[in-house]
Amino acid sequence: MSAIFNFQSLLTVILLLICTCAYIRALAPSLLDKNKTGVLGIFWKCARIGERKSPYVACCCIIMAFSILFAQ
């Protein structure tokens with residue numbers, strides 16, 4: 001089943017995208033900063049969410065990890 005049709009998988013993909021973009025921006029900021037608009041601007045926005053809301057994103061990652069490990 002695709003991640004689009006399964007809500008838990010969709011949330012996992014979104015959390016992984018946010019964490020990955022924030023990590024890439026921490027390593028090489030020029031990769032994401034040059035694409036602030038358009039379709040590639042989504043990655044810049046995900047990096048900003050990961051940077052500014054990092055405690056909430058970390059809590060969501062921990063909750064998602066426990067739900068994946070113990071709920072299935």
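When a residue number appears, it is its place in the shown sequence, counting from 1. We use all heavy atoms of the structure for the numbers below, so side chains are in, but hydrogens, waters and symmetry mates are not.
- The line from CD1 of Ile62 to CG of Leu15 is 11.5 Å long, rounded to the nearest 0.5 Å.
- Of all heavy-atom pairs spanning Val57 and Ile49, the tightest one is CG2-O, 4.2 Å.
- A distance of 10.5 Å separates OG in Ser9 from CG in Leu16, rounded to the nearest 0.5 Å.
- Atom SG of residue Cys21 and atom CD of residue Glu51 lie 10.5 Å apart, to the nearest 0.5 angstrom.
- Listed here is the closest heavy atom pair of Cys46 and Ile18: O-CG2, 3.7 Å.
- Inter-residue side-chain proximity for Leu17 and Phe43 is flagged as met; some heavy-atom pair is nearer than 4.5 Å.
- Contact annotation: the side chain of Gln8 approaches that of Ile68 to within less than 4.5 Å [non-hydrogen atoms, C-beta and beyond].
- Annotation: side chain of Leu40 is not in contact with side chain of Lys34 (no heavy-atom distance under 4.5 Å).
- Side-chain atoms of Leu11 and Met64, non-hydrogen and from C-beta on, do get closer than 4.5 Å to each other.
- No continuous path of hydrophobic side-chain contacts links Tyr56 to Ile14 [ILVMFWY only; heavy atoms under 4.5 Å].
- Minimum heavy-atom separation, Ser54 to Gly50: CB-O, 3.2 Å.
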Task: Test log, rule side chain to side chain contact (heavy atoms under 4.5 Å, CB included), inputs Asp33 and Arg25 - done: CA-CA 8 Å; Asp33 285 344; Arg25 189 169 189 281; 3.0 Å; yes
